[in-house]
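Numbers here simply count residues along the sequence, with the first being 1. No experiment lies behind these values; they were computed from the predicted model shown.
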Amino acid sequence: MASQGLAYDGCNFFRQRLVLATLSGKRVKIKNIRSKDDNPGLRDFEASFIRLLDKVTNGSKIEINQTGTVLFYQPGLWLGGSVEHDCSTQRSVGYYLEALLMLAPFMKTPLKATLRGVTNDPMDPTVDVLKSTALPLMKKFGIDGEGFDLKVVKRGMAPGGGGEVMFSCPVRRTIRPVQLTDPGKIKRIRGVAYSVRVSPQMANRLVESARSVLNQFIPDIYIYTDHMKGANSGKSPGFGLTLVAETLNGSFLSAEMSSTPQGQGDPTLPEDLGKDCAKLLLEEVHRGGCVDSSNQSLALLLMTLGQQDVSKVLLGPLSPYTIEFLRHVRDFFQIMFKIELQKPSEDERKGGDKVLMTCVGIGYSNINKTLK
């Protein structure tokens, strides 16, 4: 690759940089990774992420210095195919899946990934949320078809893990531009209350407390309870709740919470967790937009890589992570978004301020895809 490499400082936004480097084919060098820390260098979960990238690509060149404070990455070709990976239990499988979702449509052969580790933890987006929000979002961009699936085979709560997730995604040659400017009103709320290695009653208590808040707004609420037993329940006890609000025009807004991991502080009451999660969902609905805050960067990336046509997406307030993502997109793809602030009037009751993001895709075409 003759393209000029990019240099970054520090361990923040590590995945963004490596994913965008892989997609744009640019070399990237990250230095001073926690160099002032007592325990300097890359953490286990970051090293595990690099190993996962190495498994789905062919010919990537990765150099890490002895202390792990400097990383040089030169992306190779993306292979796809069947991949098995044991994720670090410091972060949940969602941490790795978010990056795979961004890369999967551009592989040479359809990706079939089996990831093992923690499926639900309080820090990262859980697999349930990605299934109910990120997949429908990708379908809007034309990434669809048989074999586009994400399923939880075994649940694993933090800190022990022991969960397993299957993700499969078809490959696409190009991505179609989208116009998602009007989310419409909320028509229904769906959710999953899961519990492992605790009394199955916990899930019912979660459902009841969440409904006590949400029933004031909309009658169409259905929350499934998912209690996994035996080998499928992972290694640690815990419970949690995922709520997804669907709008008339098929946008999905989500919120989730899971119990405090065993041995990491005061135990959580299912009643409180259910109520807090419902309030988080209301907060997310207030922020509004066609994409919820955890999937903003995925939507913006797919807009960037679309065909050379205008894409528009209405988002709620941009999260700090998304703002940094936009800066990285500018570095790697030289794409700038036009950002317009839209203030809904008082009487419309449309929630908080919205941002209309517009860009022209770079006309990215998947050269790896084998022609049949």
Side-chain angles (χ1 to χ4, degrees), residues 11-12 14-15 34 39 42-52 84-101 113-134 150-167 191-203 205-206 210 224-244 254-277 280 293-294 321:
C11 65
N12 278 348
F14 181 76
R15 285 178 306 166
R34 302 190 180 90
N39 176 11
L42 291 169
R43 296 276 180 270
D44 285 352
F45 63 89
E46 289 162 335
S48 177
F49 179 70
I50 297 172
R51 281 196 290 276
L52 178 62
E84 288 199 10
H85 186 66
D86 291 322
C87 306
S88 162
T89 51
Q90 293 174 350
R91 299 294 288 264
S92 91
V93 168
Y95 174 84
Y96 302 89
L97 259 179
E98 275 190 308
L100 277 187
L101 286 168
T114 306
L115 302 175
R116 295 188 188 88
V118 176
T119 56
N120 304 78
D121 77 346
M123 197 158 42
D124 296 303
T126 59
V127 181
D128 307 272
V129 154
L130 291 175
K131 183 181 170 112
S132 48
T133 58
L150 173 58
K151 64 171 183 273
V152 183
V153 186
K154 300 175 184 172
R155 268 191 203 284
M157 301 292 289
E164 188 177 307
V165 176
M166 301 267 298
F167 171 56
V192 178
Y194 52 87
S195 56
V196 290
R197 299 192 171 264
V198 293
S199 151
Q201 201 53 41
M202 291 291 191
R205 286 163 66 184
L206 283 171
Y224 299 88
T225 53
D226 176 15
H227 181 71
M228 289 206 167
K229 298 191 188 61
N232 292 349
S233 64
K235 297 176 183 165
S236 299
F239 52 87
L241 178 64
T242 300
L243 293 172
V244 178
S254 69
E256 57 171 348
M257 284 189 91
S258 50
S259 56
T260 320
Q262 189 183 15
Q264 291 181 18
D266 297 331
T268 333
L269 266 178
E271 280 75 13
D272 299 346
L273 191 137
K275 280 208 175 77
D276 292 346
C277 189
L280 269 182
S293 46
S294 58
Y321 188 79

The side chain to side chain donor-acceptor pair (under 3.5 Å) partners of R51 (sequence neighbours excluded) come to none

Output a table of donor-acceptor pairs, distance under 3.5 Å, between side-chain atoms of residues 116-123 and any protein atom two or more places apart or on a different chain; print 'none' if there are none.
from: R116; atom 1: NE; to: E164; atom 2: OE1; distance (Å): 3.4
from: R116; atom 1: NH1; to: E84; atom 2: OE1; distance (Å): 3.4
from: R116; atom 1: NH2; to: E84; atom 2: OE1; distance (Å): 3.1
from: T119; atom 1: OG1; to: G156; atom 2: N; distance (Å): 3.0
from: T119; atom 1: OG1; to: G156; atom 2: O; distance (Å): 3.2
from: N120; atom 1: OD1; to: R155; atom 2: NH1; distance (Å): 3.2
from: N120; atom 1: ND2; to: D128; atom 2: OD2; distance (Å): 3.0
from: N120; atom 1: ND2; to: Y194; atom 2: OH; distance (Å): 3.1
from: D121; atom 1: OD1; to: M123; atom 2: N; distance (Å): 3.3
from: D121; atom 1: OD1; to: D124; atom 2: N; distance (Å): 3.1

Minimal heavy-atom distance between R15 and G94, with the atoms involved, is NH1-O, 4.3 Å

Report yes or no: does H85 contribute a side-chain atom to a donor-acceptor pair with the main-chain N or O of F49 at less than 3.5 Å? no

Side chain to side chain contact (heavy atoms under 4.5 Å, CB included) test vs L115 passes for just one of V127, D86, L100, namely L100

Legend entry - Validation row: S294, Y321 side chains within 4.5 angstrom (heavy atoms): no

Counting only N and O atoms by type, is there a donor-acceptor contact under 3.5 Å from the side chain of Y95 to the main-chain atoms of E46?
no

ask   = Do Q262 and M157 have side-chain heavy atoms sitting under 4.5 Å apart?
value = no

OG1 of T260 to CG of L269, rounded to nearest 0.5 Å, is 10.0 Å

Which donor-acceptor pairs under 3.5 Å do side chains of residues 228-236 form with protein atoms, sequence neighbours excluded?
from: S233; atom 1: OG; to: R197; atom 2: NE; distance (Å): 3.3
from: S233; atom 1: OG; to: G230; atom 2: O; distance (Å): 2.7
from: S236; atom 1: OG; to: G160; atom 2: N; distance (Å): 2.8

Across all chains, not counting sequence neighbours, the side chain to side chain donor-acceptor pair (under 3.5 Å) partners of H227 are S195

For L206 and G274, the nearest pair of non-hydrogen atoms, with its separation, is CD2-N, 3.9 Å

Closest non-hydrogen atoms of L280 and M257, given as atom of the first, atom of the second and distance, are CD1-CG, 3.7 Å

Given side chains that start at C-beta, do those of I50 and L42 come closer than 4.5 Å, heavy atoms only?
yes

Here the salt bridge (charged side-chain N to carboxylate O under 4.0 Å, His left out) pairs for residues 262-273, sequence neighbours left out, are R205-E271

Of all heavy-atom pairs linking T133 and S254, the shortest is CG2-CB, 3.4 Å

**Request:** Check whether any side-chain heavy atom of F167 sits under 4.5 Å from a side-chain heavy atom of L101, and report yes or no.
**Result:** yes

With a 4.5 Å cut-off on side-chain heavy atoms, are L130 and E98 touching? yes

Run the side-chain contact (heavy atoms from CB on, under 4.5 Å) check on L150 and L97 step by step: do they pass? CA-CA 10 Å; L150 173 58; L97 259 179; 3.7 Å; yes

In terms of heavy-atom contacts, C87 and S48 come closest through CA-OG, 3.8 Å

Minimal heavy-atom distance between S259 and L273, with the atoms involved, is N-CD1, 3.7 Å

Sorted by chain and number, sequence neighbours left out, ring-ring contact (aromatic ring centres under 6.0 Å, His included) with F14 holds for none

